[in-house]
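Read the numbers this way: they start at 1 and go in the same order the structure lists the ligands and their atoms.
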Amino acid sequence: MLEEIKSLKKAPKEEYYVPGHRTCAGCGPALSYRLVAKAAGPNTIFIGPTGCMYVANTSYGCGPWAVPWIHAQITNGGAVASGIEAAYKAMIRKKKYDGEFPGIIVMAGDGGAADIGIQALSAAFYRGHNILFICYDNESYANTGIQTSPTTPYGAWTTFTPAGPEIPEGKKLFPKDLPKIMAHGHPELKYLATASVSYPVDLMNKVRKGLNADGPAFLYIHAPCPKGWSFPAEQTVKMGKLAVETGMYQLYEFDRATGEYKLSVKLEKRKPVSEYLKLQKRFAHLQPEHIEKMQAFVDARCAEVGIKAAPVPPMAE
Ligand SMILES: Cc1ncc(C[n+]2csc(CCOP(=O)(O)OP(=O)(O)O)c2C)c(N)n1
Ligand code: SF4
């Protein structure tokens, strides 16, 4: 059993994701990896479906993990993890391995979790494999040069959704809600939560709860990407906090028994989404009517999980 971490000061000193990787300065997903690896500890195997957290971390011919790691296709992170889990179970049953059953963690991007990889993810959860599947959500296909994915917000600029006279908002579609897809219809699911790199103790404890669960666990981590969202490298943590404070991203644990969402951060007031959007150039083209649509969407998502705090009207500029 992995113990609860009471504070940042009491977090383990050991790093299992060490310095030396070609991620961008201020990379949110890199920070998520560091926190996940710290929380998980030495008895861990990572599976890395193709994406920034494979390519940027391993360029070229090396890698920053102090624990075993294997590359997977972007299509099949869940299936590779299933195979590793089944192999360990069989080896232990046949007495060919006398070590402890490892923590088996997939670190998939939003493309590798919500889009191209969703089939293998859902299948692994249906079969009840004892794995922790993490989606680090940087809200685009980042490694290929920032293209829209199903978790890219409405109105975000990407190279596949440029704003122009025909489509002034850039991206017309609203995002897929992956944790809710995973929360429902997967009877073997044992743990599900959302987290953010800007709330590191909460994140690490959710990793531990996911690993302690005896069966499939899903953790969805908001991980701001300064390159893809176009904001300064030193504002990653601020951006993650603002996402939560505006309700653009909701932090919770899902209670399987009751179907309720247990909120991880109590918001007294919600900041207007415009305060978050205006700091990222990917939203620079949006008009007031687009921002209103975004606010209405965020209000509805907040209501779904029981966030009662109403948005404060934006200050007049
Ligand atoms: C089957 C397949 N299709 C497309 C690609 C090209 N590809 C490489 S990295 C990548 C982006 C991955 O996006 P995501 O999973 O969101 O991770 P990120 O790069 O954002 O960290 C894509 C599409 C691939 N490697 N394999
Ligand atoms: S593009 Fe984004 S996710 Fe990829 S390494 Fe840079 S900051 Fe990290």
Side-chain angles (χ1 to χ4, degrees), residues 17 19-37 46-60 62-65 69-81 105-122 133-153 156-161 171 173 175-179 181-182 195-198 218-240 243 249 279-283:
Y17 174 84
H21 37 81
R22 288 182 170 237
T23 66
C24 300
C27 173
L31 178 54
S32 80
Y33 231 132
R34 181 178 171 195
L35 294 167
V36 169
F46 279 115
I47 293 110
T50 307
C52 274
M53 287 305 101
Y54 157 51
V55 179
N57 278 321
T58 61
S59 300
Y60 289 99
C62 53
W65 302 282
W69 171 94
I70 187 170
H71 174 230
Q73 285 190 21
I74 192 173
T75 55
N76 70 0
V80 171
I105 305 181
V106 183
M107 281 293 273
D110 40 280
D115 200 15
I116 311 180
I118 196 169
Q119 178 181 341
L121 161 60
S122 180
F133 194 107
I134 295 179
C135 172
Y136 64 89
D137 187 10
N138 57 13
E139 299 181 344
S140 81
Y141 281 99
N143 186 249
T144 32
I146 320 300
Q147 289 85 31
T148 186
S149 88
T151 70
T152 303
W157 176 94
T158 69
T159 59
F160 278 4
T161 55
K171 178 165 176 172
L173 295 173
K176 214 185 241 189
D177 197 341
L178 182 61
I181 293 173
M182 294 311 297
S196 159
V197 295
S198 303
F218 183 71
L219 184 60
Y220 189 57
I221 301 179
H222 196 233
C225 167
K227 178 182 166 189
W229 306 4
S230 204
F231 64 79
E234 70 280 7
Q235 289 186 9
T236 303
V237 170
K238 173 179 166 178
M239 222 50 79
Y249 190 81
L279 300 179
Q280 301 171 32
K281 287 209 197 92
R282 64 175 170 160
F283 297 118

Between Y33 and F46, is the ring centroid distance below 6.0 Å? yes
What atoms of ligand 2 come within less than 4.0 Å of a heavy atom belonging to P29? 3 (S)
How are the rings of Y54 and H71 set to each other: parallel, tilted or perpendicular (split at 30° and 60°)? parallel
Residue Y136 vicinity, atoms of ligand 1 by number, heavy atom under 4.0 Å: 17 (O), 18 (P), 21 (O)
Using non-hydrogen atoms of the residue, decide whether P29 is closer than 4.0 angstrom to ligand 1. no
So the atoms of ligand 1 within less than 4.0 Å of a heavy atom of G112 turn out to be 15 (O)
With heavy atoms of G111 as the reference, note each atom of ligand 1 found under 4.0 Å away. 14 (P), 15 (O), 16 (O)
Does R282 qualify as a cation-pi partner of W229, given the criterion of NZ or CZ under 6.0 Å from the six-membered ring centre and within 45 degrees of its axis? yes
Examine C52 and say whether one of its N/O/S atoms is closer to atom 4 (Fe) of ligand 2 than 2.8 Å. yes
Looking at atom 6 (Fe) of ligand 2, is one of the N, O or S atoms of C225 less than 2.8 Å from it? no
Number the atoms of ligand 2 from 1 as they appear, then name those within less than 4.0 Å of a heavy atom of P226, with their elements. 7 (S)
What residue and atom, counting heavy atoms only, is the protein's closest point to atom 13 (O) of ligand 1, and at what distance? Y141 CD2, 3.1 Å
Element-labelled atoms of ligand 2 that are located less than 4.0 Å from some non-hydrogen atom of N138: 3 (S)
Would you mind running through ligand 1 and noting each atom that sits below 4.0 Å from a heavy atom of N138? 18 (P), 20 (O), 21 (O)
Given G228, G109, C52, identify the one with the heavy atom nearest to atom 18 (P) of ligand 1. C52
Taking N, O or S atoms only and a limit of 2.8 Å, check whether C24 reaches atom 8 (Fe) of ligand 2. no
Could you tell me whether atom 5 (C) of ligand 1 has a protein heavy atom closer than 4.0 Å? no
